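Predicted, not measured: the structure shown is a model, and the values here were computed from it. Letters A, B, ... mirror the listed sequences (proteins, then strands); counts begin at 1.
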There are 2 protein chains.
Amino acid sequence: MSEPLRLLLVDDHPVVRRGLRAMFEDRSDMLVVDEASDGRAALDILRNTVVQVVLMDLRMKSGMDGVTATREITALPEPPAVLVLTVYDTDADILAAVEAGATGYMLKDSPPEQLCEAVRSAALGETALGPDVAARLFDRLRAPTEALSPREAEILRLLSQGLSNRALSRELFISEATVKTHLVHIFDKLGVDNRTAAISTALQRGIIRTE
Amino acid sequence: MSEPLRLLLVDDHPVVRRGLRAMFEDRSDMLVVDEASDGRAALDILRNTVVQVVLMDLRMKSGMDGVTATREITALPEPPAVLVLTVYDTDADILAAVEAGATGYMLKDSPPEQLCEAVRSAALGETALGPDVAARLFDRLRAPTEALSPREAEILRLLSQGLSNRALSRELFISEATVKTHLVHIFDKLGVDNRTAAISTALQRGIIRTE
DNA sequence: TCGCGAGTCAATCGAACGATTGATGCGTGA
DNA sequence: TCACGCATCAATCGTTCGATTGACTCGCGA
């Protein structure tokens, strides 16, 4: 009879934390040792608590977000595994989490058995992906896309707010010619030929978000 | 000692349903009588089960969505109250739910006490709004915006996918001049002056969605 | 040192956009 | 019947966009 896996739940939705806690209460091999409503609080808990798997939401309404928290958690000495549990399945979200060091990525509509399986895998250091997430990653491997440079991403963000090239140039203190040059690069990388298609594609991929 | 309020939970996320069930299990005045993962299933349950308050998510990954289900539920003879519980707080989402007959609208990050309070109000037929939602409605009353016509909304949806005016005219079998006329109307109603700003504003208001 | 990527800029030109003015036809409710 | 909203269409014109070609500078790593 081995020790139960020690879990930390991190989610800004009380309902979700409650649901997770209730789910793991049914299992004798898993123990929820604490909860946090943002990344900061999770890090504080980890300072004083032994945890093997952190179930981490990606976006919090306030406080430290899941990607930042994942990065800091996995930088700890002897870090717990981080299993991301979220509603977001965009390429950018998945990538950001994986790059931050997450061991797994599950969607919140996953059935409980799948989720528990993923927790067990994560605890063993094995990659745990929900089926939709795995499919997304496969698609991305088949059709790799180039990353935008920081400047390109900034221009795309402002563009999505409806700025003309001229307004963009003013906002960024550059010439309109430079804006156009960046846009050409952005369109190439996204495989589109106009600004509205660029915005649409970027939103779908999670490169930018509505706000 | 009165009868407990009979609740039906409708959400496509098992975790959320579990969390809600656990929360109401703490209360002797509320009883979860059943759960459903989409609107269709909820309607089926209501055919054979007495329910006083339905807690309804708005968007389901598949099956009948929350607005449609709310409309059909409130059209039943002696309908239960519908309390929408969702992560979405855009004007369009709130409006659609209210127009469909929902008695209340709460966000999923509401603390449990607030949520239970809302359930109780809904059961009494009183409007129950989360604080963020109430604020949103106040903003809207201060600055009422015109609704788009169905055709305008359709054009805006296609526009947001990146179609040029010419491509739009081809897609809809109308002239480019007609497209432009509709766009002028759309820009006026949204208070913008170009297509990208129209898309941005529409996304923020929930008039269109990324997909 | 050299090559590369990122950022910057210019000029040109055809295509597309947005604003404006004006018009027609249809369905609906008062 | 009339007025209104919605959908449709045309023409015109100035502005903006996107593609192209070409150039320069800087920082960084091999």
Per side chain to side chain donor-acceptor pair (under 3.5 Å), A/Asn165 is matched among A/Lys180, A/Arg195, A/Glu176 by A/Arg195
Starting at [atom1] of [X] and ending at [atom2] of [N], how long is that distance when rounded to a whole Å?
X        : N      : atom1 : atom2 : value
B/Glu152 : D/dA7  : CD    : P     : 6 Å
A/Arg151 : D/dC26 : CZ    : P     : 17 Å
A/Leu163 : D/dT16 : CG    : C1'   : 14 Å

Distance col, row B/Leu190:CG vs B/Leu156:CG, nearest 0.5 angstrom, shows 6.5 Å
Output for pair (B/Leu107 CG, A/His13 NE2), nearest 0.5 Å, gives 8.0 Å
| request: Indicate yes or no for a side-chain donor-acceptor contact from A/Gln52 to the backbone of A/Ala123 under 3.5 Å, with no hydrogens or angles considered. | output: no
Inset, instruction - Give a yes or no on whether the backbone of B/Leu46 and the side-chain of B/Thr49 come within a donor-acceptor separation of less than 3.5 Å. - result: no
_Are B/Asp132 and B/Met106 packed together at the side-chain level, in the sense that at least one heavy-atom pair is separated by less than 4.5 angstrom?_
no
| task | Could you check if a side-chain atom of A/Leu168 sits within less than 4.5 angstrom of a side-chain atom of A/Glu171, using non-hydrogen atoms only? | result | no
Below the 4.0 Å mark, does [N] have OP1 or OP2 next to a side-chain nitrogen or oxygen of [X]?
X        : N      : value
B/Ser149 : D/dG5  : no
A/Asn165 : D/dC17 : yes
A/Ser164 : D/dT15 : no

Axis-to-axis angle for the helix from C/dT1-D/dA30 to C/dA30-D/dT1, ends of five pairs each, to 10°, equals 40°
Chain B vs DNA chain C, heavy-atom contacts under 4.0 Å, first-to-last nucleotide span, 5' to 3', is C/dA16 to C/dT20
May I ask you to check whether over 12 heavy atoms, not counting those of B/Glu126, lie within 6.0 Å of atom CD?
yes
Above 12 or not: heavy atoms from other molecules or residues under 6.0 Å from CZ of B/Arg59? yes
Per nearest nucleotide of DNA chain D, the residue lying toward the 5' end, B/Ala177 or B/Ala147, is B/Ala147
Could you go through the salt bridge (charged side-chain N to carboxylate O under 4.0 Å, His left out) check for A/Glu146 and A/Lys189 one step at a time? CA-CA 6 Å; A/Glu146 283 176 89; A/Lys189 288 181 180 181; 5.0 Å; no
Under a 4.0 Å heavy-atom cutoff, the residues of residues 178-196 of chain A touching DNA chain C are A/Thr178, A/Thr181, A/His182
Residues B/Ile73 and B/Pro79: closest non-hydrogen pair is O-CB, 3.1 Å
